[in-house]
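Residue numbers start from 1 in every chain, and the chains themselves are labelled A, B, ... in the order their sequence lines are given, proteins ahead of strands. Just so you know, these numbers use all the heavy atoms, side chains as well, and skip hydrogens, waters and symmetry mates.
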There are 2 protein chains.
Amino acid sequence: MIADPAARQEIPDATVARLPQYLRALSDLADRGILSVSSEELAASAGVRSAKLRRDLSHLGSYGVRGVGYGVEMLAHEITRELGLARDWPVAIIGVGHLGHALASYVDLTTQGFQVVALLDRDCELIGQVIAGMVVGSVDDLERIVIERGVAIGVIATPAQPAQKLCDRLVAVGVRSVLNFAPCALSVPEGVDVRKVDLSTELQILAFHQQRKSPAGHRRTPLLEVAP
Amino acid sequence: MIADPAARQEIPDATVARLPQYLRALSDLADRGILSVSSEELAASAGVRSAKLRRDLSHLGSYGVRGVGYGVEMLAHEITRELGLARDWPVAIIGVGHLGHALASYVDLTTQGFQVVALLDRDCELIGQVIAGMVVGSVDDLERIVIERGVAIGVIATPAQPAQKLCDRLVAVGVRSVLNFAPCALSVPEGVDVRKVDLSTELQILAFHQQRKSPAGHRRTPLLEVAP
DNA sequence: GCGACTTTGTGTACGCGTTCACAAACATCT
DNA sequence: AGATGTTTGTGAACGCGTACACAAAGTCGC
Ligand SMILES: NC(=O)c1ccc[n+]([C@@H]2O[C@H](COP(=O)([O-])OP(=O)(O)OC[C@H]3O[C@@H](n4cnc5c(N)ncnc54)[C@H](O)[C@@H]3O)[C@@H](O)[C@H]2O)c1
Ligand SMILES: NC(=O)c1ccc[n+]([C@@H]2O[C@H](COP(=O)([O-])OP(=O)(O)OC[C@H]3O[C@@H](n4cnc5c(N)ncnc54)[C@H](O)[C@@H]3O)[C@@H](O)[C@H]2O)c1
């Protein structure tokens, strides 16, 4: 009984990773009252090439009109549905330090298909405190809270050391999606998705390219470079 | 016997993106007093396959010893040099809200080739306050501060709306590496690198896969799948 | 010194994603 | 209705990154 074409065929990972950008661009257009948009315009808003955008959207189906473009509202709705944001996903944040605090206060989430339903920490000073309108719970109650509140996505914002064990505990009680901010690789069984966000890595990649730009040394003024 | 060619040939982007992971794994090994490591072991620590690791390292040169493995200290040093982390890169953080605050307090950075030399915000309440041992400056002084302190990397942690303009101002005074936390695409001239970190995008990607896992309907995770 | 064993570095094949370029499809105007 | 113009959706070619498999190169034991 699949009413929707949600199970049409596999959507490439690279495409899935860009759908959120398209969705955000579409939301901006909708806010400005724009009803229709061409692939050229939408691609520019999202920072990609139009051919790539059209190829991506073609994986969702034919939602455009030749000679006109895409209906903003309709396309936004389709992407929302495809990404599974029609309902709210219950999210738990483990580790309410600097980063966890920022994440908990990130209201943008609540308007985009997610709801933070649990904040957990080990620190007795934090447990019981109210942060972003939610009481911090004890990490000792992780299993009970995750089950009770139907947590679908776990966010790990603790130091690296306890991350693997916390991840194991989440997986053991049914969490199959984990977002990891700790600077370490997590190993999970088949069927569990882990995505990692690592500020240090991003900066180091920038540093690599920056070094290539100014190979000589500490000079700040850009010198002419030999471009082959 | 190959010389010491830092500018040997182009290192693939995909490889560069993994070098930080290898470096972190090597640091852990070094802390545990391990002197030598095989590609199999190091790959496991970093969460990749050994063939991929060896291919990646081969782009840096031949730093392994057949039949033995790689010298931990030596390889860490080589990667550090290749990434340009031998010196400290001056970093400016624009926007000292929840996220900017967390970033400023992220001490891990200072031990890894970066130094936060400026915190800038627009909010008069924040300007003048000391956060993570640094006085918050006014974003009005962005140009002066960036030049005076030799900022090489700019981190944008403001809302999306002012992000493009702030980026333009950074680029105008010589910043050629930008890390963007605002949920929007930044357009920059040739020669400037922008990397984006987007929590919402990551969660939405997880939601997509999560939806595919539980296609049936609105059932919460059935109460516990017990493995005695 | 020599054979057995270990591990690297890489030739090669393959699959995925991107890009180009264009015919098909639709709207609009006369 | 037909001509004209615009934009989508996609076949096809290309390039990059990954995975396999193994010869080369080293160590270790005797
Ligand atoms: N601060 C940043 O900007 C930033 C950026 C990227 C990544 N990170 C990473 O995110 C993680 C958190 O960073 P942070 O700055 O918030 O650190 P933090 O020290 O401020 O917060 C860590 C929190 O985790 C809690 N914690 C520790 N062990 C725990 C356990 N076993 N169970 C539950 N909670 C536990 C601590 O009580 C603390 O509240 C670190 O791994 C860090 O490397 C931080
Ligand atoms: N909080 C999170 O966990 C999180 C996660 C991912 C992305 N983000 C993004 O990071 C950005 C910041 O998030 P936040 O939670 O820290 O928001 P915030 O509102 O707490 O902080 C924003 C800060 O930027 C400052 N600011 C606004 N306009 C400015 C300008 N023109 N120049 C200088 N400073 C200016 C504000 O004064 C404020 O201090 C947002 O774009 C948000 O979408 C936040």
Donor-acceptor pair, Arg169(B) side chain versus Val139(B) backbone, under 3.5 Å?
yes

5'-most contact on DNA chain C: Gly67(A) or Ala51(A), nearest heavy atom basis?
Ala51(A)

Glu202(A) side chain vs Leu199(A) backbone, donor-acceptor pair below 3.5 Å:
no

NA contact type, Ser62(A), heavy-atom cut-off 4.0 Å: base, sugar-phosphate, or nothing?
sugar-phosphate

Under the 3.5 angstrom rule, does the side chain of Lys213(B) hit a backbone N or O of Gly191(A) as a donor-acceptor pair?
yes

Whether the side chain of Asp168(B) engages the backbone of Ala172(B) through a donor-acceptor N/O pair (distance < 3.5 Å, no angle test) should be reported.
no

Are Leu206(A) and Val194(B) side-chain neighbours, meaning at least one heavy-atom pair lies under 4.5 Å?
no

Nearest heavy atom decides the nucleotide; on that basis, is Asp56(A) or Arg55(B) closer to the 5' end of DNA chain C?
Arg55(B)

Residues in contact with DNA chain C, drawn from residues 188-195 of chain A - heavy-atom cutoff 4.0 Å
none

Would you say that Arg32(B) contacts Leu29(B) through its side chain, given a criterion of any heavy-atom pair below 4.5 Å between the two side chains?
yes

Along DNA chain D, 5' to 3', what are the outermost nucleotides having an atom less than 4.0 Å from a heavy atom of chain A?
dT6(D) to dA12(D)

Under 4.0 Å between a Lys/Arg side-chain N and an Asp/Glu carboxylate O for Asp193(B) and Arg212(A)?
no

Under a 3.5 Å distance rule, please check whether Gln210(A) uses its side chain to pair with a backbone N or O of Ile153(B) as donor and acceptor.
no

For a 4.0 angstrom threshold against heavy atoms of chain B, report the outermost contacting nucleotides of DNA chain C in 5' to 3' order.
dT6(C) to dT12(C)

Trp89(A) side chain vs Val151(A) backbone, donor-acceptor pair below 3.5 Å:
no

CD1 of Ile79(B) to CD of Gln21(B), rounded to nearest 0.5 Å, is 10.5 Å

